[in-house]
J.: 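Once you've had a glance at the structure underneath, I'll fire off some questions.
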Amino acid sequence: MVDMQQIKGTITVPVEGMSCASCVLRVEKALKKVEGVSAATVNLATEQTTITFDPVRVTLERLRQAVSDAGYSLGKPIGEERPDDGAGRYSTGLHRLKTELVVAVALTLPVMAISMLSMTTWFHSVVPLGMKETNILLLLLTAPVLLFSGKRFFTGFWKTARHATADMNTLVALGTGAAFLYSAVVVLFPAWLEAGAEPGTVYFDTAATIITLILLGRYLEVRARHRSSDAIRRLLGLQPPTARVIREGSESDIPVNQVVLDDIVMVRPGERIPVDGVVASGSTTVDESMVTGESLPVEKSPGARLVGGTVNRNGSVTLRATAIGAHTLLAQIVKLVEEAQGSKAPIQSLADRIASVFVPSVIVLALLTFAGWHFAAGTTFTHALVNSIAVLIIACPCALGLATPTAMTVGIGVAASHGILIRNAASLEKAKSVTTIVMDKTGTVTEGKPAVTDVILMGENTRDGLLRYAAAVERQSEHPLAEAVVESARSSPGEIPRCESFRSLTGLGVTGIVDGRPVAAGNAAMMKESGVDITGALGSVEKLTGEGKALLLVAIDSAVAGIIAVADRIKPTSAGAVGELRQMGIDVIMLTGDNETTARAIASRAGIENVLAGVLPAGKADRIRRLQSEGKTVAMVGDGINDAPALAQADVGIALGTGTDIAMEAADITLMKGDLATIALAIRLSSGTLRIIRQNLFWAFLYNVIAIPLAAFGLLTPVVAAGAMALSSVSVVTNSLRLRRFAP
């Protein structure tokens with residue numbers, strides 16, 4: 001038994017036996033009736049249910065029993081499955097369906113041929129059988145089609161009938177069963193129907209063909225639905241099965257699930273990285289495109305983070321394992337995408353409400369059709385029966401149930417392949433409606449790391465020389481600007497010299513002796529206190545300060561030698577991303593706790609006109625609420641812990657995958673690359689997915705609105721109805737798969 005305490009109240013479990021939207025509602029209803037279950041959503045496209053419950057009051061066996069009582073069955077929770085369980089389940093189900101289809105086709109073709117040819121004199125001149133013997137042969141050929149190939153429909157019908165409910169299986173079983181039983185009575189007990197039937201008229205070909213066509217449609221539908229979850233299977237296939245671990249000085253290949261934390265793992269060129277870790281030795285470039293969507297390889301050196309499933313390109317490295325199993329980034333991404341694909345979008349609610357009354361209504365309509373033709377119009381029993389069968393078959397609500405979840409499944413999978421992780425279907429649906437995007441500054445619009453942007457020289461000093469002298473005294477400082485200066489000096493030619501007699505003056509700067517020369521680095525107040533004349537630098541100081549940059553004045557031998565400006569640089573893609581969003585008609589606002597001058601300077605370079613500066617972390621969510629009160633649909637983009645409340649408050653929270661875990665937990669969408677350019681991509685994908693869903697729902701509704709009256713008025717035969725019903729389901733899934741061609 002699964003330890004429900006460890007599952008923490010939410011599980012995603014495969015559901016077996018569902019066939020239409022009515023099945024979805026029945027499983028949801030059965031689960032929600034279990035005391036302690038607070039929510040249950042079922043997705044027909046992924047054939048999974050996500051259940052939220054009180055683990056103290058609910059066991060997995062109790063959930064299984066509730067679903068079983070409703071006529072369906074639950075598999076193992078997704079987290080408890082082996083990686084190949086899902087593929088095995090699909091393979092077994094498809095093989096069984098294919099076998100049933102092959103048998104049906106093999107028997108239906110001769111049934112159809114005999115049914116048509118038996119009406120000719122040529123047939124009876126060649127085959128020494130009378131009509132009675134011919135009909136008995138048709139009965140014997142058709143029976144296996146219903147009892148073997150069509151068994152799933154009659155079994156499903158019986159399960160739902162025991163609970164006084166109905167679904168697609170009910171319609172198929174009633175339609176084909178009525179055609180077969182009527183024909184069997186005509187052949188075996190013709191005297192029973194002499195008063196109201198057409199003597200000798202049988203519909204074995206109708207019953208067999210309906211079963212065959214519906215099975216063909218189901219087979220094509222299952223294959224197409226399987227393709228909609230390609231993103232998950234590609235992600236699962238990224239992790240290699242084994243890892244080369246170095247223990248006690250020797251290398252050995254072990255199953256990846258036996259790697260433990262802090263193991264040293266060897267990764268050679270061209271191999272996939274087996275687990276998350278940090279580079280212990282060596283350097284290389286890594287292709288992280290399947291995780292982040294970034295096409296360019298990323299350089300890795302000792303201390304750099306490595307993600308399991310990515311590809312080591314051109315160098316041998318060893319890594320120290322920092323996350324294994326379900327705790328790796330890849331496993332978390334797979335879990336997030338699975339949960340998102342299994343969730344239900346708000347737009348699905350209309351289809352659900354219709355499906356809840358659809359099948360019972362169709363059964364009533366079929367009875368009315370029979371009564372209308374037989375009693376009101378005075379047609380034969382056979383003619384009335386055929387028309388009522390056509391109504392039952394044409395109205396199967398498969399397309400209605402698949403219209404939304406298949407498109408959502410494909411859309412969320414496509415997003416994942418572009419480095420966009422979407423928490424649930426509702427988040428994908430809401431993204432389309434965003435009218436205002438609020439962006440944090442530090443780490444979102446900017447790199448989040450101060451860097452030297454300007455070096456202004458005074459006198460005869462060189463840029464590299466000034467940086468080396470400044471870095472020599474700053475290397476021992478803990479000031480935030482010091483790291484940026486030292487980092488810049490290290491990237492310049494020459495070594496950073498030693499500093500002697502180092503002193504740190506709080507609120508002013510630092511001093512020391514470098515190469516025998518006194519060096520001071522600090523603010524204008526320090527220069528004044530040290531007697532250094534900075535009159536010639538005031539123009540540059542005023543200009544750089546106006547650009548929102550932090551300044552470090554450097555004096556050598558008691559004379560100002562230059563100015564070093566440090567700022568948090570905007571990301572290379574920020575300006576382009578903001579421009580694209582504005583072209584889409586979306587307002588962009590910067591929200592930051594930084595001062596007005598710095599915020600305005602950064603916003604100007606990024607192309608953002610609206611700035612809310614000096615906002616404390618506690619006030620960010622309040623600012624989002626104010627915008628929402630103005631009727632705006634707001635998306636918040638951030639990466640830090642202080643952004644989490646605002647991300648949760650926003651209509652759509654967008655976190656950067658390069659930020660903190662708590663920000664990603666609070667967000668609806670996570671951008672794995674940390675690139676703002678993917679925001680527009682996510683919104684366009686949302687729009688494209690909703691467009692496909694509306695198309696699916698339109699055609700599913702239109703199909704039923706047109707087809708059911710045609711069948712009721714006798715303008716569609718049951719065979720044509722079966723073909724149309726199967727085609728409608730396949731067309732909905734195929735239309736959804738067009739999203740796979742979506743490109744940035």
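Predicted model, so just to flag it, every value in this text is computed and none were measured.
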J.: Using modelled atom types only, decide if a donor and an acceptor are shared between the side chain of His374 and the backbone of Thr379 within a distance under 3.5 Å.
T.: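 Present.
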J.: Can you check whether Ala712's main-chain N or O pairs, donor with acceptor, with Trp373's side chain at less than 3.5 Å?
T.: yes
J.: Out of the candidates Leu31, Val24, Val67, only one should pair with Thr49 under the side-chain contact (heavy atoms from CB on, under 4.5 Å) rule; please name it.
T.: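 Looking at Leu31, Val24, Val67, the match for Thr49 under the side-chain contact (heavy atoms from CB on, under 4.5 Å) is Leu31.
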J.: Evaluate the side-chain proximity of Val103 to Leu107: yes if any heavy-atom separation is below 4.5 Å, no if none is.
T.: yes
J.: Determine whether Thr176 and Phe180 make a side-chain contact, defined as any pair of heavy atoms from C-beta on separated by less than 4.5 Å.
T.: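 Thr176 vs Phe180: side chains apart.
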J.: How long is the gap from CG on Leu74 to CG on Leu60, to the nearest 0.5 Å?
T.: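 That separation rounds to 7.0 Å.
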J.: Provide the closest heavy-atom pair for Pro709 versus Ile706 in the form atom of the first, atom of the second, distance.
T.: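 That would be CD-O, 3.4 Å.
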J.: To the closest 0.5 Å, what do you measure between CE (Met112) and CG (Leu117)?
T.: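 Going from CE on Met112 over to CG on Leu117, the span is 11.0 Å.
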J.: For residues Cys23 and Tyr72, determine if any side-chain heavy atom of one lies less than 4.5 Å from a side-chain heavy atom of the other.
T.: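 Counting from C-beta outward, Cys23 and Tyr72 do come under 4.5 Å.
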J.: Using the rule given for side-chain contact (heavy atoms from CB on, under 4.5 Å), can you reason through Ser149 versus Leu101, listing the C-alpha separation, both sets of side-chain angles and the distance that settles it, and then say yes or no?
T.: CA-CA 7 Å; Ser149 298; Leu101 177 60; over 6 Å; no
J.: Between Thr50 and Thr12, does any side-chain donor sit less than 3.5 Å from a side-chain acceptor?
T.: yes
J.: Hey, does Ser73 have a side-chain heavy atom less than 4.5 Å from the side chain of Val15?
T.: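 Answer no - side chains too far apart.
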J.: Would the distance check show the side chain of Thr108 and the main-chain N or O of Val105 forming a donor-acceptor pair, the cut-off being under 3.5 Å?
T.: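 No, the answer is negative, given that no donor and acceptor are paired below the 3.5 Å cut-off.
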J.: Give a yes or no answer on whether the side chain of Thr52 reaches the backbone of Thr10 with a donor-acceptor pair at less than 3.5 Å.
T.: no
J.: Before giving the answer on side-chain contact (heavy atoms from CB on, under 4.5 Å), spell out for Met408 and Leu690 the whole-Å C-alpha distance, their side-chain angles and the decisive distance to 0.1 Å.
T.: CA-CA 8 Å; Met408 280 294 177; Leu690 265 293; 4.3 Å; yes
J.: Minimum heavy-atom separation for Leu739 and Gly411, please, with both atom names.
T.: CD1-N, 4.1 Å
J.: For the CD1 atom of Ile114 and the CG atom of Asp205, what is their distance to the nearest 0.5 Å?
T.: 10.5 Å
J.: Is there a side-chain contact between Ile11 and Leu63 (heavy atoms, below 4.5 Å)?
T.: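 A side-chain contact under 4.5 Å exists here.
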J.: So, taking the atom named CG in Leu216 and the one named CD in Glu100, what distance separates them when rounded to the nearest 0.5 Å?
T.: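 These two atoms lie 13.0 Å from each other.
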J.: Can you tell me if Ser388 uses its side chain to pair, donor with acceptor, with the backbone of Phe370 under 3.5 Å?
T.: no
J.: Does Arg64 offer a backbone N or O that forms a donor-acceptor pair with the side chain of Ser68 under 3.5 Å?
T.: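 No, because the side chain of Ser68 does not come within donor-acceptor range (under 3.5 Å) of the backbone of Arg64.
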J.: What do the steps show when you test Leu139 against Asn135 for side-chain contact (heavy atoms from CB on, under 4.5 Å), and what is the final call?
T.: CA-CA 6 Å; Leu139 188 155; Asn135 286 339; over 6 Å; no
J.: For a 4.5 angstrom cut-off between non-hydrogen side-chain atoms, does Leu365 reach Ile708?
T.: yes
J.: Can you tell me if Glu28 uses its side chain to pair, donor with acceptor, with the backbone of Val42 under 3.5 Å?
T.: yes
J.: Using only atom types and a distance under 3.5 Å, with no angle test, would you say the side chain of Ser686 pairs donor to acceptor with the backbone of Leu428?
T.: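 Yes.
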J.: Regarding Ser736 and Asn696, is there a side-chain donor-to-acceptor distance under 3.5 Å anywhere?
T.: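 Short answer, yes.
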J.: State the NZ-CH2 distance between Lys151 and Trp158, to the nearest 0.5 angstrom.
T.: 14.5 Å
J.: Which value, rounded to the nearest 0.5 Å, describes the distance between Leu685 atom CG and Ile422 atom CD1?
T.: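 Taking CG in Leu685 and CD1 in Ile422, the distance rounds to 6.0 Å.
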J.: State, yes or no, whether a side-chain contact exists between Phe154 and Leu147 at a heavy-atom distance under 4.5 Å.
T.: no
J.: What verdict does the side-chain contact (heavy atoms from CB on, under 4.5 Å) test give for Gln695 and Arg691, after you've listed the backbone C-alpha separation in whole Å, the side-chain angles of each residue and the deciding distance to 0.1 Å?
T.: CA-CA 6 Å; Gln695 290 172 359; Arg691 184 169 58 253; 3.8 Å; yes
J.: Okay, side chain of Thr155, backbone of Arg152: is any donor-acceptor separation there less than 3.5 Å?
T.: no
J.: Taking C-beta and beyond as the side chain, do Ser38 and Asp54 meet within less than 4.5 Å on heavy atoms?
T.: no
